[in-house]
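The sequence lines fix the lettering, A, B, ..., with proteins before strands; numbering per chain opens at 1.
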Amino acid sequence: MSHTIVTRFAPSPTGFLHIGGARTALFNWLYARGRNGLMLLRIEDTDRERSTQAAIDAIFDGLTWLGLDWDGEPIFQSARADRHREVVEAMLAAGTAYRCYASPQELEEMREAAYREGRPPRYDGRWRDRDPREAPAGVAPVIRLKAPLTGETVIEDEVQGRVAWQNEHLDDLVLLRSDGTPTYMLAVVVDDHDVGVTHVIRGDDHLTNAARQKQIYDALGWQVPAMAHIPLIHGPDGSKLSKRHGALGVDAYRAMGFLPEALRNYLVRLGWSHGDQEIFSTEEMVSTFDLPQIGRSPARFDFAKLENLNGHYMRAAGDRDLLAAIEALLPHIADGAELAAKLDNGLREKLLLALPGLKERAKTLTELIEQARYLYAERPLALDRKAHALLTEEARSILCEAGEALSEVEPWTAATTEGAVRRYAETRSLKLGAVAQPLRAALTGRTTSPGIFDVLAVLGKEESLGRLADQAGNATQGSNTLSRTASADTISEN
RNA sequence: GCGCCCAUCGUCUAGCGGUCUAGGACGUCGCCCUUUCACGGCGAAAACAGGGGUUCGAGUCCCCUUGGGCGCGCCA
């Protein structure tokens with residue numbers, strides 16, 4: 001089966017899979033999947049010193065978590081060094097490349113001189129036409145491309161349009177280092193060509209590289225693939241995306257409790273649009289994504305919008321799926337193991353029941369877990385400052401009476417507890433809120449929570465009445481106890 | 001310094017010469033719903049960087065200025 005479209009994602013494993021890389025991968029994936037094409041994964045590990053196995057694993061994990069699969073086995077660029085050398089040998093033989101014996105010091109001096117004289121720092125081509133017999137003894141040369149001196153090099157970019165460089169501004173780049181290893185510039189061209197890549201979709205920080213790579217393609221007589229250089233993602237202040245901005249690994253987004261579908265949706269709309277549509281299912285993305293709708297200006301990373309999207313996808317998620325996502329998250333967060341144990345110890349059922357109310361109120365999975373704390377907190381509950389303030393003497397006596405009314409309730413459901421509480425409020429001529437808020441404080445330790453009758457129902461009769469008694473009891477013991485409840489072990493800001 | 005790219009509400013964007021008194025989304029603010037918080041609904045404030053052209057007509061085309069970004073390695 002032959003594929004007319006072949007894309008590739010080609011990260012260098014020198015750090016984590018950051019958000020910009022994730023978007024590049026997504027675009028490549030979308031383009032290929034929407035056209036019955038292939039998306040290949042190539043690990044550009046030709047920088048043997050900076051490449052790490054941890055980074056390689058992070059790339060695999062990140063892509064997998066994001067739901068971006070690739071075709072075939074990942075290609076390791078380092079394994080193809082022989083092929084790269086072979087190509088350069090052919091270029092040497094064809095006269096499109098040459099040996100350069102200039103030492104690193106010479107090159108450094110060249111750059112410094114150029115800078116002093118206000119010229120761009122470029123290799124001056126001193127070995128380009130020099131007789132190889134003049135080569136200094138014992139110096140291993142680099143192999144350089146014999147690039148055109150005049151004319152222009154043009155890229156017809158799918159998103160940038162026609163971009164041209166005067167060849168006099170481009171120098172003879174190194175193809176093979178003096179130790180015989182290929183440079184990135186050469187390796188990319190050879191690898192893309194050998195596997196039949198038809199579309200190179202990557203960050204526009206590679207735009208100038210595209211010109212140099214075009215020269216290599218031309219020297220080799222190979223067809224240049226279609227190019228699409230997408231604008232980079234910037235930080236909220238417009239500057240380069242830094243760690244504090246969101247240039248985190250995708251693993252960090254997972255740990256923050258974002259859903260992969262939310263991150264995908266957020267990322268696809270960064271730099272690309274389809275009319276006014278904001279929400280895209282994966283299928284919609286695949287079927288509508290195309291290169292002409294990619295903008296040319298850089299986008300800024302906005303956490304608020306990501307959170308909004310994440311909230312949307314959490315609300316839309318089925319409770320079982322959401323529970324699975326939460327459980328999958330646990331290994332990646334602090335206290336995750338502890339929570340996992342509690343899940344196995346009865347919390348899972350409670351959480352599942354509480355999820356409909358919980359997912360409406362959280363923007364991230366971690367926030368949801370935090371808001372679910374009342375489900376697994378031990379008695380007596382720690383009250384946060386507002387909840388504590390809410391439980392005045394009067395409120396505590398209301399709790400006491402409400403607790404009595406509730407103790408009659410059988411069976412214990414949201415509907416029956418609601419009936420009891422409403423009847424009680426009515427008999428005392430109290431607004432429902434005057435009863436509900438103290439109940440909330442006593443049952444959850446907070447002033448905000450899911451609907452109070454759902455809380456009651458999920459907690460169960462015994463636990464609910466217990467929590468109410470914990471707080472109601474304090475009312476009868478005078479102000480001394482009240483000040484004691486204000487001590488550090490019963491009050492927490494969170 | 002040189003080369004290249006970019007420029008619509010705070011942010012993501014729609015707009016591809018007239019339908020723009022510039023649309024949507026996030027965020028912000030107000031109102032409604034309501035036991036809290038959310039969700040949801042309704043509404044508001046909020047942008048064509050500046051200057052020249054081209055044209056009957058410019059957010060849309062061209063140039064300049066300004067402001068950002070990327071690149072300029074025997075890194076990728």
What integer distance in Å separates A:N265:CG from B:A25:P?
-> 15 Å

Between B:U66 and B:A47, how far is it from one P atom to the other, in whole Å?
-> 26 Å

Short side-chain N/O contact from A:R212 to OP1 or OP2 of B:G71, under 4.0 Å | no

So what does A:L207 touch, heavy atoms closer than 4.0 Å: a base, only the sugar-phosphate, or nothing?
-> sugar-phosphate

Whole-Å distance, A:R202 CZ to B:G71 C1', equals 12 Å

Quick one: the side chain of A:R300 and the base of B:U11, do they pair up donor-acceptor inside 3.5 Å?
-> no

Applying the 3.5 Å cut-off to both distances, the Watson-Crick or G-U partner of B:A58 turns out to be none

Nearest-angstrom distance, P atom, B:C33 to B:C42 | 15 Å

Base-pairing assignment for B:C2 (Watson-Crick or G-U wobble, both under 3.5 Å) | B:G71

Under 4.0 Å between any heavy atoms, over every strand shown, what does A:L439 touch: base, sugar-phosphate, or nothing? Just pick one.
-> nothing

Interatomic distance, A:L381 atom CG to A:Y374 atom OH [nearest 0.5 angstrom] = 11.5 Å

Hey, does A:Y266 reach any base, or is it just sugar-phosphate, or nothing, if we go heavy atoms under 4.0 Å?
-> nothing

In whole Å, what separates the C1' atom of B:G50 from that of B:C29?
-> 31 Å

Integer angstrom distance from the C1' of B:A45 to that of B:A22 | 16 Å

If you look at every strand shown and take non-hydrogen atoms under 4.0 Å, does A:A164 touch a base, only sugar-phosphate, or nothing?
-> sugar-phosphate

Proximity to the side chain of A:S12 - top-ranked nucleotide from B:C74, B:C5, B:A76 | B:A76

Atom-to-atom span, CD of A:Q215 to C1' of B:G71 - whole angstrom | 14 Å

Residue whose closest nucleotide on RNA chain B lies nearer the 5' end, A:P450 versus A:L170 | A:L170

Indicate whether OP1 or OP2 belonging to B:U36 is found under 4.0 Å from a side-chain N or O atom of A:R440.
-> no

Ignoring the backbone of A:H169, work out which of B:G24, B:G73, B:G3 is nearest its side chain.
-> B:G3

Residues forming a ring pair (Phe, Tyr, Trp, His ring centres under 6.0 Å) with A:F289, sequence neighbours excluded = A:F27, A:W272

So does A:S449 get a side-chain nitrogen or oxygen closer than 4.0 Å to the phosphate oxygens (OP1/OP2) of B:C37?
-> no

A:E278 side chain, from C-beta outward: closest of B:C74, B:C70, B:G24 = B:G24

Which value, in whole Å, describes the distance between the P atoms of nucleotides B:U19 and B:A58?
-> 11 Å

A:W165 has a side chain; which of B:C4, B:C74, B:A38 sits nearest to it?
-> B:C4

A:M185 CE to B:G73 P, straight-line distance once rounded to whole Å = 10 Å

For A:G451 and A:L306, take the nucleotide of RNA chain B holding the closest heavy atom to each; which residue's nucleotide lies nearer the 5' end?
-> A:L306

Where the side chain of A:K363 is concerned, which of B:C70, B:C26, B:C39 is the nearest nucleotide?
-> B:C39

Take the protein atom NE2 of A:H274 and the nucleotide atom P of B:A25, then report the distance between them rounded to whole Å.
-> 17 Å

Are side-chain N/O atoms of A:Q160 and A:R296 paired as donor and acceptor at under 3.5 Å?
-> no

Is there a donor N/O on one and an acceptor N/O on the other, under 3.5 Å, for the side chain of A:R361 and the base of B:C37?
-> yes

Please state whether the base of B:A25 and the side chain of A:N308 form at least one donor-acceptor pair under 3.5 Å?
-> no

Picking from B:C72, B:A76, B:U36, the nucleotide nearest the side-chain atoms of A:T46 would be B:A76

A:R212, A:R128, A:R122, A:R144 screened by salt bridge (charged side-chain N to carboxylate O under 4.0 Å, His left out) with A:D172, the one that passes | A:R128

A:K431 NZ to B:U34 C1': how many Å, rounded?
-> 12 Å

Closest listed nucleotide, where the reference is the side chain of A:L432 and the choices are B:U35, B:A76, B:C5 = B:U35

Counting side-chain heavy atoms from CB outward, which of B:C6, B:U11, B:A14 is closest to A:D302?
-> B:U11

Would you call A:R85-A:D82 a salt bridge at under 4.0 Å N-O?
-> yes

A:R315 CZ to B:A38 P: how many Å, rounded?
-> 12 Å

B:U11 pairs with, by Watson-Crick or G-U criteria that keep both distances under 3.5 Å = B:A25

Using distance alone, with no hydrogens and no angle criterion, decide if A:D191 and A:H84 have a side-chain donor and acceptor under 3.5 Å apart.
-> yes

Pair of N/O donor and acceptor under 3.5 Å linking B:C70 base with A:T208 side chain | no

Between the side-chain atoms of A:D276 and the base atoms of B:G23, is any donor-acceptor pair under 3.5 Å?
-> yes

Please state the P separation for the pair B:C16 and B:U28 - nearest whole angstrom.
-> 31 Å

Please determine, by modelled atom types, if A:Q53 and A:D57 share a side-chain donor-acceptor pair under 3.5 angstrom.
-> yes

Pair partner, B:G40 [Watson-Crick or wobble, under 3.5 Å] = B:C32

Distance between C1' atoms of B:A7 and B:C48 (Å, rounded) | 10 Å

Atom-pair distance (OH on A:Y313; C1' on B:A25), nearest Å = 13 Å

Hey, could you give me each pair passing side-chain hydrogen bond (donor to acceptor under 3.5 Å, both in side chains) that has a residue in residues 146-156 of chain A? Not counting sequence neighbours.
-> A:E152-A:R162, A:E152-A:Q166, A:T153-A:N167, A:T153-A:Q215

Using the P atom on both, measure B:U8 against B:G53 and round to a whole Å.
-> 24 Å

Validation row: A:V142, A:W127 side chains within 4.5 angstrom (heavy atoms) | no

Looking only at side-chain atoms of A:D205, point me to the closest of B:C5, B:U35, B:C70.
-> B:C70

Just compare B:G73, B:C70, B:C12 and give me whichever is closest to any side-chain atom of A:L270.
-> B:C12

